[in-house]
2 protein chains.
Amino acid sequence: MTTSDPARDSDASGQAELIDVLVQATFMTVAVLSGVAADNDLSLTQLRVLAILRDRRVRMSALAAYLGLDRSTMSGLVERAEKRGLLARAPDPSDGRAVEVFLTGSGAELAGALYIRIEQSLSPATGRLAPAERRRLAALLRQMAGPEG
Amino acid sequence: MTTSDPARDSDASGQAELIDVLVQATFMTVAVLSGVAADNDLSLTQLRVLAILRDRRVRMSALAAYLGLDRSTMSGLVERAEKRGLLARAPDPSDGRAVEVFLTGSGAELAGALYIRIEQSLSPATGRLAPAERRRLAALLRQMAGPEG
DNA sequence: TATTGTTATACTCTATAACTATA
DNA sequence: TATAGTTATAGAGTATAACAATA
């Protein structure tokens, strides 16, 4: 989304300029995350599932809602990951319709390793900032994308 | 990639904390972009193709390299977009092997509309920042993800 | 009646392998 | 020989529609 629109030159509010570089940083990050996932024969979505389940046990429907996917899509994703021994399903005792998903030992191990690889793979980017700048950037990103949104 | 790792509490360098919120902001942005794309019956990759071609005419191989895709994948993406009348292919006069891709009038019109929708759809997030904060965030993101990386 | 999850189906996205044409 | 692009193939990701079981 890089443009050379002349209207951008007098962008006093910084909206358009921020959007350009935000989109650029987004695809840089997606590329890094996808690379780490691919190195482990995972899709980006599978990586996200492992990350979500790292410290939680959740219902199929909650997983689908959080990822913005249809429940039928979740069934396929979970089935393939289950076949690989990364996670498992169990009926929810409190609701006969619901199914809970959780990591196996092997899945938890992989999730931990993935997190370390992500930190390493992003460090060339984050390392371009001084510690104080990193904290400032984190604060601004949290304000922009934070809990409220 | 949100965690409650106690090691994070004493993260004086801000590395891990930045990574968490960067990944969160990344998926927020991807969700917004994917939503805009889906509203126009496009995939996120197709939207990126239109954005790249907005002010350029590029070779198939350059497009594939920029997006990190195989050339055969580009052939399919471009063929489907061409079938919809959004872009076209033409042989490169300077190299008999090469093919250049460029937007049609209809494709350029859509690309412009998409950009406006993206600005609108991201504004709830960017609007949480004051103009000076937006400029500061843009500068930090540029430094982190900028031209060098 | 509404919700949860699965299955069947169809299409897009993606990479690998094999191929043609050009450099 | 190497590069540019396409085609064939196969598998993963995705949504829609229809369904069964439970609430």
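Reminder, nothing fancy here: chain letters follow the sequence lines and each chain counts from 1. FYI, side chains are in, hydrogens and waters are out, and symmetry mates aren't considered; it's all heavy atoms of this structure.
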Arg97(A) with Asp92(A): basic N within carboxylate O range, under 4.0 Å
no
Name the residue closer to the 5' end of DNA chain D, choosing between Gly96(A) and Gly68(A) according to the nucleotide with the nearest heavy atom.
Gly68(A)
Hey, is the side chain of Ser72(B) poking within less than 4.0 Å of OP1 or OP2 on dA15(C), counting only N and O atoms?
no
Judged by each residue's nearest nucleotide on DNA chain D, which is more toward the 5′ side, Arg59(B) or Gly76(A)?
Arg59(B)
At under 4.0 Å between heavy atoms, what does Asp95(B) touch on the DNA or RNA strands: base, sugar-phosphate, or nothing?
sugar-phosphate
Should Tyr66(A) and Val58(A) be regarded as members of a common hydrophobic cluster, given that ILVMFWY residues are connected when their side-chain heavy atoms come within less than 4.5 Å of each other, either directly or indirectly?
yes
Less than 4.0 angstrom between a side-chain N/O of Arg89(B) and OP1 or OP2 of dT6(D), yes or no?
yes
Interatomic distance, Asp41(B) CG vs dC13(C) P [rounded to whole Å]
11 Å
Looking only at the side chain of Val99(B) (C-beta and beyond, no hydrogens), which of the listed nucleotides dG5(D), dC13(C), dT4(C) gets closest?
dG5(D)
Tightest non-hydrogen contact, residues Met144(B) and Ala125(A), listed as CG-O, 3.3 Å
May I ask you to list the residues of residues 77-86 of chain B, by number, that have any heavy atom positioned under 4.0 Å from an atom of DNA chain D?
none
What is the separation between atom CG on Asp39(A) and atom P on dA15(C), rounded to the nearest whole Å?
13 Å
Atom CG of Leu69(A) and atom P of dG5(C): how far apart are they, to the nearest Å?
14 Å
Over how many whole Å does the gap from Leu47(A) atom CG to dG13(D) atom P extend?
12 Å
Could you state the CG-P distance from Asp70(A) to dA10(C), rounded to the nearest angstrom?
17 Å
Step through the shown structure and confirm whether more than 12 heavy atoms of other residues, nucleotides or ligands are within 6.0 Å of CD on Gln120(A).
yes
Starting the side chain at C-beta, find the nucleotide from dT3(C), dT6(D), dT3(D) nearest to Arg97(A).
dT3(C)
Quick one: which of dG5(C), dA8(C), dA4(D) gets closest to the side chain of Arg71(B)?
dA4(D)
Output the rounded distance in Å from CZ (Arg48(A)) to C1' (dG13(D)).
14 Å
Over all strands shown, is Ser61(A) touching base, sugar-phosphate only, or nothing at heavy-atom distances under 4.0 angstrom?
sugar-phosphate
Gap between atoms CG and C1', on Leu44(B) and dT14(C) respectively (whole Å)
14 Å
Side chain of Gln46(A) - closest among dG13(D), dG5(C), dT22(C):
dG13(D)
Which pair of heavy atoms, one from Ala37(A) and one from Leu44(A), lies closest together, and at what distance?
CB-N, 4.2 Å
Please report the closest heavy-atom contact between Thr126(B) and Arg134(B), naming both atoms and the distance.
O-NH1, 3.3 Å
Cationic N near anionic O, under 4.0 Å, Arg89(A) to Glu82(A):
yes
Can you see if the side chain of Thr45(B) gets near the phosphate of dT14(C) - specifically, an N or O under 4.0 Å from OP1 or OP2?
yes
Ignoring hydrogens and angles, answer whether the base of dT7(D) and the side-chain atoms of Ser75(B) contain a donor-acceptor pair closer than 3.5 Å.
no
Under the side-chain contact (heavy atoms from CB on, under 4.5 Å) test against Leu140(A), which residue among Leu140(B), Leu141(B), Val21(B) passes?
Leu140(B)
Sugar-phosphate, base or nothing in reach of Ser43(A), heavy atoms under 4.0 Å:
sugar-phosphate
Rounded interatomic separation in angstrom, taking CE from Met74(B) and C1' from dT3(D):
17 Å
